[in-house]
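These numbers were taken from a predicted model, which means no experiment stands behind them.
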Amino acid sequence: MTPLPPPFPDPRRPDPYPWPRPPACLPAGMLDLPPQGARVAVAGLVILRQRPGTAKGVIFLTLEDETGVVNVIVWRKLYEAFRRAVIAGRMLRVTGRLQRENEVTHVIAERVEDISYMLDDLLRPGGPGDRMPGGGGNPRTPPRALPRHAKNG
């Protein structure tokens with residue numbers, strides 16, 4: 001049995017599962033490393049969007065990657081600039097400042113990019129998703145041929 005890779009890639013070594021990872025994004029599991037106020041980029045699937053009536057136009061997003069979740073705060077003016085990505089994006093890349101309060105870490109968004117197109121690459125036959133655990137197969141071994149049925153007559 002092949003051992004599983006660490007929960008987040010070591011930036012000094014090649015990724016054993018090359019999937020379309022947004023460049024220069026910090027995994028959620030490493031958000032405790034940068035100092036308060038550091039500018040970071042994070043990416044993940046949008047698992048929650050909240051726009052409470054009492055929040056005066058602030059939107060709260062929760063993104064999930066393979067190492068955990070990221071809380072993102074999108075202020076009203078920024079929402080107006082990146083409205084389409086915030087509303088419709090299935091997978092987002094967010095650049096912003098790190099904020100920590102009472103052991104909760106948030107990213108205060110400065111830029112929001114819709115990178116949902118990268119999900120489609122995972123599903124493409126022969127694409128990066130086929131090389132991941134449980135994917136369509138190992139790129140070094142050819143796919144198994146389907147059994148041939150004898151023709152009648």
Looking at every heavy atom in both Ala43 and Cys25, which two are closest together, and how far apart are they?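 In terms of heavy atoms, the two residues are closest at CB-SG, 3.8 Å.
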Taking every non-hydrogen atom, the tightest pair across Ala109 and Val112: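 Result for this residue pair: CB-CG2, 4.1 Å.
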In this structure, would Ile73 and Leu78 fall into the same cluster of hydrophobic residues linked by side-chain contacts under 4.5 Å?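 Hydrophobic grouping puts Ile73 apart from Leu78.
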Joint hydrophobic cluster, Ile108 plus Val58, side-chain heavy atoms closer than 4.5 Å: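 Both belong to a single hydrophobic cluster.
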Can you tell me how far [atom2] of [Y] sits from [atom1] of [X], rounded to the nearest 0.5 angstrom?
| X | Y | atom1 | atom2 | value |
| --- | --- | --- | --- | --- |
| His106 | Leu98 | NE2 | CG | 10.5 Å |
| Glu110 | Thr95 | CD | OG1 | 7.5 Å |
| Phe60 | Asn71 | CZ | CG | 9.5 Å |
| Leu26 | Leu33 | CG | CG | 7.0 Å |
| Phe82 | Ile59 | CZ | CD1 | 13.0 Å |
| Ile115 | Met91 | CD1 | CE | 3.5 Å |

With distance as the sole test, does [X] use its side chain to make a donor-acceptor pair with the main-chain N or O of [Y] at under 3.5 Å?
| X | Y | result |
| --- | --- | --- |
| Arg111 | Gly96 | no |
| Gln36 | Arg100 | yes |
| Asp65 | Thr67 | yes |

Step-by-step side-chain contact (heavy atoms from CB on, under 4.5 Å) determination, Thr105 to Asp32: CA-CA 8 Å; Thr105 301; Asp32 58 336; over 6 Å; no
Is there a side-chain contact (heavy atoms from CB on, under 4.5 Å) between Leu63 and Val69? Walk through the geometry before answering. CA-CA 6 Å; Leu63 307 181; Val69 296; over 6 Å; no
Between Ile87 and Tyr79, does the side-chain contact (heavy atoms from CB on, under 4.5 Å) criterion hold? Intermediate values first, please. CA-CA 9 Å; Ile87 290 175; Tyr79 167 71; 3.2 Å; yes
Applying side-chain contact (heavy atoms from CB on, under 4.5 Å), run through Thr62 and Val70 and close with a yes or a no. CA-CA 6 Å; Thr62 302; Val70 180; over 6 Å; no
Decide whether a cation-pi geometry holds between Arg90 and Tyr117; the criteria are a distance under 6.0 Å from NZ or CZ to the six-membered ring centre and an angle within 45° of the ring axis.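 So Arg90 doesn't make the cation-pi contact.
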